[in-house]
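This report concerns only the one structure given below.
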Amino acid sequence: MILQVRQLTKEFDGKAVLRGVDLDLAEGQVKVIMGPSGCGKSTLLRCINRLIEPTAGKVLFRGEDVLRAEADVRALRQQIGFVFQQFALYRHLSALDNVTLGLRKLRGMHAREANEKAMHELQRMNMAEHAHKYPAHLSGGQKQRVAIARALAMDPAVLFFDEPTSALDPLMSREVISVINQLYMDNITMLCVTHDMFLAKYIADQVLFLDAGVVRAEGSAEELFSGHSDPRIREFFIHEHHS
Ligand SMILES: Nc1ncnc2c1ncn2[C@@H]1O[C@H](COP(=O)(O)OP(=O)(O)OP(=O)(O)O)[C@@H](O)[C@H]1O
Ligand SMILES: [Mg+2]
């Protein structure tokens, strides 16, 4: 098991946002987290890699408790690649340099080796021909593919996505969904927050429905999307489908 989350709780100013979340992620598995706005999806991802400190609960990464005071947070974050809705690329760096930066600064790679590795990951994202462009000259879908290449370049054990297609129009979304699907075929372990039912159907081994800080249901995309017995879930997906 890569990740085991147990009874994870997070309170902001005494208000519980996560209320005892359990989640397992096995090697090569892809789980998608869905749920209403504000239910705690981003908070959950951020607690796991300790961008936010949880209030209570356990997070085991490959069996090791990462919430211990003496846990190596930097090492943990290197094991978890993070892809955000808004790409978070450096504007003053080319696509290639956005990908090589971490390799040189965190991994201590020399320029040539870093460039080779970065080009390999950009190629995987069908972005090799745009390697020397700056973010301002890339479409949203292209920027997101650079961001994914950057995350992959660090050889993370797992990739986290927080709404990777939310800032994209439908056409650009399809490009990004297609490369994420490629990663799925390559057995990359992923945990993906999304509102995109199309993306979820494509990649999810399992969909987890988070509601007001608790996991309300877990199942295949089909099980959750079509006529679930829980009316709240049924209503949510009918609404999402038309939004
Ligand atoms: N740093 C913070 N301080 C106080 N409250 C916060 C903080 N971060 C998040 N919250 C609150 O926690 C709740 C969950 O937020 P979160 O961003 O995890 O939701 P989400 O499920 O990702 O929503 P969305 O689908 O809109 O992205 C919200 O009510 C939010 O206002
Ligand atoms: Mg969010």
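Residue indices begin at 1 and follow the sequence shown. Each ligand, and each atom within it, is numbered from 1 in the order the structure gives.
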* Asked: Salt bridge or not for Arg62 and Glu27, using N-O below 4.0 Å?
  ->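 Glu27 and Arg62: salt-bridged.
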
Pair Lys41 + Asp162: basic N to acidic O under 4.0 Å
no

Would you mind checking which non-hydrogen protein atom is closest to [atom], with the distance to 0.1 Å?
{"atom": "atom 26 (O) of ligand 1", "result": "Ser37 OG, 2.5 Å"}
{"atom": "atom 2 (C) of ligand 1", "result": "Phe12 CE2, 3.3 Å"}
{"atom": "atom 29 (O) of ligand 1", "result": "Lys15 NZ, 3.8 Å"}
{"atom": "atom 17 (O) of ligand 1", "result": "Ser42 CB, 3.7 Å"}
{"atom": "atom 25 (O) of ligand 1", "result": "Lys41 NZ, 2.7 Å"}

Q) Numbering the atoms of ligand 1 from 1, which are under 4.0 Å from a heavy atom of Thr43? A)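 Close to Thr43: 14 (C), 15 (O), 16 (P), 18 (O).
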
(message) Give the atom numbers and elements of ligand 1 that come within less than 4.0 Å of a heavy atom of Gly40.
(response)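 Reading through ligand 1 atom by atom, the close ones are 14 (C), 18 (O), 19 (O), 20 (P), 21 (O).
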
At under 4.0 Å between heavy atoms, what of Val17 touches ligand 1? The answer is side chain

Just to check, does His195 reach to within less than 4.0 Å of ligand 1 when the distance is taken from its heavy atoms?
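Contact check His195 vs ligand 1: positive.
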
* Asked: With a 4.0 Å cut-off on heavy atoms, is Glu163 touching ligand 1?
  ->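 Distance cut 4.0 Å: Glu163 passes for ligand 1.
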
With hydrophobic residues grouped by side-chain heavy-atom distances under 4.5 Å, do Leu23 and Ile188 end up in a single group? no

Notebook entry, point to check: Taking a hydrophobic cluster as the set of Ile, Leu, Val, Met, Phe, Trp and Tyr residues connected by side-chain heavy atoms closer than 4.5 Å, whether directly or through intermediates, do Tyr202 and Tyr184 fall within one such cluster?
Noted result: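 Shared cluster, yes.
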
Any N/O/S atom, side chain or main chain, of Ser42 closer to the Mg ion (ligand 2) than 2.8 Å? yes

TODO: With sequence neighbours left out, write down each residue that passes side-chain contact (heavy atoms from CB on, under 4.5 Å) with Val73, or none if nothing qualifies.
DONE: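 Once residues adjacent in sequence are excluded, the partners of Val73 under the side-chain contact (heavy atoms from CB on, under 4.5 Å) criterion are Arg50, Arg77.
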
Mind checking what makes salt bridge (Lys or Arg N to Asp or Glu O under 4.0 Å) contact with Glu175, not counting sequence neighbours?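 Listed in chain order: Arg145.
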
Side chain to side chain contact (heavy atoms under 4.5 Å, CB included) between Leu210 and Met34, intermediate numbers included | CA-CA 6 Å; Leu210 196 66; Met34 304 183 89; over 6 Å; no

Within a distance of under 4.0 Å, is there any protein heavy atom near atom 4 (C) of ligand 1? yes

Nearest protein heavy atom under 4.0 Å from atom 31 (O) of ligand 1, yes or no: no

Between Phe198 and Arg174, is there a cation-pi geometry (under 6.0 Å to ring centre, at most 45° from the normal)?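 Yes, Arg174 sits over the ring of Phe198.
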
Does any N or O of ligand 1 fall below 3.5 Å from an N or O anywhere on Asp13, backbone included? no

N/O to N/O below 3.5 Å, does that happen between Cys39 and ligand 1? yes

Does a sphere of radius 6.0 Å around CZ in Phe12 hold more than 12 heavy atoms from other residues, nucleotides or ligands, not counting ones at 6.0 Å or beyond? yes

Exercise. Considering only heavy atoms, which of Gly38, Ser166, Ala212, Gly213 lies nearest to atom 20 (P) of ligand 1?
Worked result: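 Among Gly38, Ser166, Ala212, Gly213, the closest heavy atom to atom 20 (P) of ligand 1 comes from Gly38.
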
Discussion item. Please report whether the ring centroid of Phe84 lies less than 6.0 Å from that of Phe161.
Written reply: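 Distance test on ring centres: not under 6.0 Å, no.
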
